[in-house]
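Letters A, B, ... mirror the listed sequences (proteins, then strands); counts begin at 1. Only heavy atoms go into these numbers, but all of them, side chains included; no hydrogens, no water, no symmetry mates.
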There are 2 protein chains.
Amino acid sequence: MVRTMSEPSHRPVDDALRSRLRERLELYMARKKLRSTAQRRVIVETFLEGRAHVTIEDLLEIVRTRDKGIGYATVYRTLKLLAECGVASERKFGDGLSRYELADDDDDHHDHLICTSCGGITEFEEPRIEKLQEVVAARHNFQVTTHKLELYGICQACSSASKKGAGQRN
Amino acid sequence: MVRTMSEPSHRPVDDALRSRLRERLELYMARKKLRSTAQRRVIVETFLEGRAHVTIEDLLEIVRTRDKGIGYATVYRTLKLLAECGVASERKFGDGLSRYELADDDDDHHDHLICTSCGGITEFEEPRIEKLQEVVAARHNFQVTTHKLELYGICQACSSASKKGAGQRN
DNA sequence: CTAAGTGCAAAAAGTTTGCATTCCG
DNA sequence: CGGAATGCAAACTTTTTGCACTTAG
């Protein structure tokens, strides 16, 4: 009950992305003759449908609500598999944890704003920066394969919270 | 300005920077009533005069040629101290190691090209990218305190080496 | 059937810390 | 002297792996 249609969680754009990724995974697994197990299916679905930037620990917790017995190592190995075949991207934001998100399409890269107060992560795209990166790389005869751009600081929510005098913290 | 760290390049320009950093450290230590020990002096000098992007392990090895008995923990704690007072910057390039380099001046930030083949790290500056980062941050009402931009790929040396070796690609 | 996949526990790998001892100020 | 600093080893954290058992194909 109570599912009013007007609300936000449904993003048709991402559905298309997800099916592309699912397909990519299937092809990869077929080619490498990898097996589809109950655990993998649960982990992959949870990852694809879940929020971005999950840690292995996060994902394990969610996955275990669906299948009690799944172990850390299986989640770890499955995420590694997803990263290998270009379905997930591993990110390290310097807090010592590895995080995973849906892989971008080749032509559609995004970067991150990271709030050092609440830990919130926001994505952004700025094609002009990507262009300049190419310029820099060319200047050094460097062939870029990937890049990482992260802006660390205080997000809007935290800065208005501290203005009001309230504490923040996640 | 471009400083390439993989080669034995000597940089007279940096002498001014080093004295500024030494002074900053002295002020900090005086203010906090920290002590100048033989170990710290060796570690700090080795760090200031050595090449950029050293790991703790690297630095320990060099330091021990000067003072056999220095322990890992002391190097670790001294680098942490240097980072605290703005003399060193800690960098993590995703290979699981922490690396340290001389801190930039406030107005003079640089970023990195990282060769995934030879591990070489080259520094670059591109003010237009910095500008655009500010634009992005403003768009999100985000107050940037620091940022990290890394381009991963194949450096010139490695790509010409593989050209000779494998004889394909152009 | 048989090789891939799983779960567990232990190993790695890097970072941090507790503590007895040393030594700067 | 007294507290800061050191060196060692042990504790931690997160990631990775060895292995015996299970199971997909």
Note: A:Arg18-A:Glu49 ion pair, threshold 4.0 Å (strictly below): yes
I need the OH-C1' distance between B:Tyr100 and C:dT15, as an integer number of Å. 9 Å
In whole angstrom, what separates A:Glu84's CD from C:dA4's C1'? 14 Å
Rounded to whole Å, please give me the gap between CG in A:Leu81 and C1' in C:dG5. 11 Å
Please give, in whole Å, the distance from C:dG14 C1' to A:Asp95 CG? 15 Å
Rounded to whole angstroms, how far apart are CD1 on B:Ile43 and C1' on D:dA5? 11 Å
Assign the ring pair B:His147 / B:His109 to parallel, tilted or perpendicular, where the plane angle (0 to 90°) is split at 30° and 60°. tilted
What is the distance, to the nearest angstrom, from the CE atom on B:Met29 to the C1' atom on C:dC24? 11 Å
Send over the distance from B:Lys32 NZ to C:dG25 P, rounded to a whole Å. 17 Å
Can a side chain N or O of A:Gln39 be found less than 4.0 Å away from OP1 or OP2 on D:dT23? no
Between B:Glu57 and A:Ala38, which is nearer to the 5' end of DNA chain C once each is assigned its nearest nucleotide? A:Ala38
5′-ward residue of the pair A:Arg41/B:Arg40 relative to DNA chain D: B:Arg40
Main-chain N/O of B:Gly71 paired to B:Tyr76 side chain as donor or acceptor, under 3.5 Å: no
Of the options C:dG7, D:dC8, C:dA3, whose atoms approach the side-chain atoms of B:Arg77 most closely? D:dC8
Exercise: do B:Glu101 and B:His53 side chains pair donor with acceptor under 3.5 Å: yes
Contact under 4.0 Å: A:Thr74 side-chain N or O vs C:dG7 OP1/OP2: yes
Counting heavy atoms from C-beta on, name the nucleotide in D:dA5, C:dT17, C:dG7 closest to the side chain of B:Tyr76. C:dT17
Should A:Ser36 be listed as having a side-chain N or O under 4.0 Å from OP1 or OP2 of D:dA24? no
Measuring from the side chain of A:Arg35 (C-beta onward, heavy atoms only), which nucleotide among D:dG25, C:dT17, D:dT15 has the closest atom? D:dG25
If you count heavy atoms of other groups shown closer than 6.0 angstrom to CD of B:Glu45, is the number above 12? yes
Please report the distance, rounded to the nearest Å, between NZ in B:Lys80 and P in D:dT6. 14 Å
Of the candidates D:dG7, D:dT6, C:dT15, the side chain of B:Tyr72 sits closest to C:dT15
Nearest to the side chain of B:Thr37 - D:dA5, C:dC8, C:dG5? D:dA5
